[in-house]
Amino acid sequence: MPVSTATLGSVSFLSQLFNPDVSSLSCFLNHTKLSTLYSKPSLLKKPSSSSLYNLKVSASSASANPKTDNSQQAEAAVTAILDNSVSTDEIKPAPAPARRSADWKAARAYLHSGFIYGGRVEGFNGGGLLVRFYSLVGFLPFPQLSPSHSCKEPNKTIHQIAKGLVGSILSVKVIQAEEESRKLIFSEKEAVWTKFSTQINVGDVFEGKVGSVEDYGAFVHLRFPDGLYHLTGLVHVSEVSWDLVQDVRDILTEGDDVRVKLVNIDRGKSRLTLSIKQLEEDPLLETLDKVIPQEGSADSDSLPTSNSSTIEPLPGLDAIFKELLQEDGINDVRISRQGFEKRVVSQDLQLWLSNVPPSDNMFTLLARAGRQVQEIQLATSLDQEGIKKALQRVLERVP
């Protein structure tokens, strides 16, 4: 891409290409205005080696872009980068009001573009960090910090962590820029999301560390290959365990190390949904004996029944049995025993083909509703795949 560079000698600027629909950037596109704000005619000369600032303006030529319906790309925009490490003896900076006004325009440009800015931490207060943005100082609330800081030093308070960050450079995004009310707010979380959300996919398994625990679930920080915890997701209370969870705090505590599975990514809202229980098989699907024990074993929460004629089928099973007997290859369907679980997974009727191996052409189905579980024996000449297809046809016919 052809690039032209001019050095005028007042303030150092960096050009960046923004989306053409960002109308607020037009204030940066007039080279004459920039010269008026940041330099005097008497200073438009070759700067000396000890000059405070250099002004570099890079402009890229417009070209056709099929992704924007062949419209011209936006002109190159510029944002101020200040270098305070050199003496100001030879060059006098622009008036402060004009400089601040231009920096607010730069802040709005970062807000609309979503670009990441490297801001120096100047200090902190009770609610967050004070971050330098050119001639302005913005605010980064503690909840907008990346979880990597607290996970790296779990024994430190947030204010101790903040003290250790003073003087460091953080990658942040501008999430609010209101010049009139002087609100300039940053988020490190949003900057981290932009970088690391592209490296994850649904189904990924992470080692994680439990952050805050709420009534509705627990927030878990995900550890990446670099050993740091960059992103945070929610494990809903229903995804904590196969057992019925009344209080998440009975199972998870802040600081616990857990393994989680990524089950959903909402890129529009920068949200991750996680699950702990999906890393384990539903115990009911493995074998009914985890719910209904064999003879001679003790389990006060299970009630085995030897006389199948006394078992009342769960609501909806009668209709399913009648339809199953209409399928070719299925000879008999009957309930063999039942029991009660410690947990309520669903109030609705659920029906599965058990993992219990078949014996003498007898396959086992499991039906569950609320806490009640019923084992169903299916006499058939079909193989396992044939039974699955028969069940699918039956369930499509039964309302």
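Keep in mind that this is a model prediction, so the values were computed, not measured.
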Hydrophobic clustering (ILVMFWY, side-chain heavy atoms < 4.5 Å, transitive) - are [Y] and [X] grouped together?
X	Y	value
Ile158	Tyr229	no
Leu274	Val202	yes
Ile175	Val121	no
Phe133	Leu130	no
Ile200	Leu279	no

Rounded at 0.5 Å granularity, tell me how far [atom1] in [X] sits from [atom2] in [Y].
X	Y	atom1	atom2	value
Leu366	Gln350	CG	CD	11.0 Å
Lys173	Phe115	NZ	CZ	10.0 Å
Lys322	Leu324	NZ	CG	12.5 Å
Leu378	Glu327	CG	CD	10.5 Å
Gln338	Glu312	CD	CD	9.5 Å
Phe196	Thr194	CZ	OG1	11.0 Å

>> Using a 6.0 Å cut-off, check whether atom CZ of Arg271 has over 12 heavy atoms from anything other than its own residue.
In response: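 Incorrect, the count does not exceed 12.
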>> Heavy-atom count check: over 12 atoms from other residues, nucleotides or ligands less than 6.0 Å from Asp257 CG?
In response: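 It does: Asp257 CG has more than 12 such atoms within range.
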Is there a donor-acceptor pair closer than 3.5 Å between any side-chain N or O of [X] and the backbone N or O of [Y]?
X	Y	value
Gln278	Ser275	no
Thr380	Gly329	yes
Thr253	Asp256	no
Ser113	Ala109	yes
Asp360	Met362	no
Asn201	Asp204	no
Gln374	Leu314	yes
Lys189	Pro143	yes
Arg267	Ser197	yes

> Can the ring centroids of Phe124 and Phe142 be said to lie less than 6.0 angstrom from one another?
Replying inline: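 Judged by ring-centre distance (under 6.0 Å), Phe124 and Phe142 do not meet the cut-off.
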Salt bridge flag under 4.0 Å for residues [X] and [Y]:
X	Y	answer
Lys388	Glu385	yes
Glu179	Arg108	yes
Arg182	Glu180	no
Arg223	Glu207	no

Just wondering, do [Y] and [X] contact through their side chains at under 4.5 Å, heavy atoms?
X	Y	result
Glu190	Ser270	yes
Pro141	Ile185	yes
Val220	Leu252	no
Leu231	Phe224	yes
Ile320	Val333	no
Arg259	Phe206	no

Quick one about [Y] and [X] (side-chain donor to acceptor, distance below 3.5 Å, no hydrogens or angles considered), yes or no?
X	Y	answer
Glu375	Ser336	yes
Ser238	His236	yes
Ser148	His230	no
Arg334	Gln377	no

> Yes or no on side chain to side chain contact (heavy atoms under 4.5 Å, CB included) for Ile161 and Glu153, after CA distance, side-chain angles and deciding distance?
Replying inline: CA-CA 8 Å; Ile161 292 173; Glu153 300 178 298; 4.3 Å; yes
Taking all non-hydrogen atoms of both residues, which atom of [X] and which atom of [Y] are closest, and how far apart?
X	Y	value
Pro147	Thr232	CG-OG1, 3.5 Å
Tyr134	Asp103	CB-OD2, 3.4 Å
Leu170	Leu129	CD1-CD1, 3.8 Å
Ala390	Ile330	CB-CD1, 4.2 Å
Val213	Arg249	O-NH2, 3.3 Å
Leu145	His149	CD2-CD2, 3.8 Å

> When you look at Leu382 and Phe363, which way does the side chain to side chain contact (heavy atoms under 4.5 Å, CB included) test go after all the steps?
Replying inline: CA-CA 9 Å; Leu382 302 175; Phe363 282 83; over 6 Å; no
> Quick one: which of Leu140, Ile116, Val131 gives a side chain to side chain contact (heavy atoms under 4.5 Å, CB included) with Glu188?
Replying inline: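 Per the side chain to side chain contact (heavy atoms under 4.5 Å, CB included) rule, the option paired with Glu188 is Leu140, out of Leu140, Ile116, Val131.
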>> Out of the candidates Val260, Val263, Ile265, Asp266, only one should pair with Leu272 under the side chain to side chain contact (heavy atoms under 4.5 Å, CB included) rule; please name it.
In response: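 Answer to the side chain to side chain contact (heavy atoms under 4.5 Å, CB included) test with Leu272 among Val260, Val263, Ile265, Asp266: Ile265.
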>> Under the criterion side chain to side chain contact (heavy atoms under 4.5 Å, CB included), I'd like the reasoning laid out for Phe219 against Glu214: C-alpha separation, chi angles, the key distance, then a yes or no.
In response: CA-CA 8 Å; Phe219 289 95; Glu214 310 294 340; 4.0 Å; yes
>> Assess the residue pair Ile276 and Ile251 against the criterion (side chain to side chain contact (heavy atoms under 4.5 Å, CB included)); give the C-alpha distance rounded to whole Å, side-chain angles, the decisive distance to 0.1 Å, and a yes or no.
In response: CA-CA 11 Å; Ile276 294 175; Ile251 300 177; over 6 Å; no
>> For Tyr117 and Tyr110, take the angle between the two ring planes, folded into 0 to 90°, and tell me which bin it lands in: parallel under 30, tilted 30 to 60, perpendicular over 60.
In response: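 The rings of Tyr117 and Tyr110 stand perpendicular, inter-plane angle above 60°.
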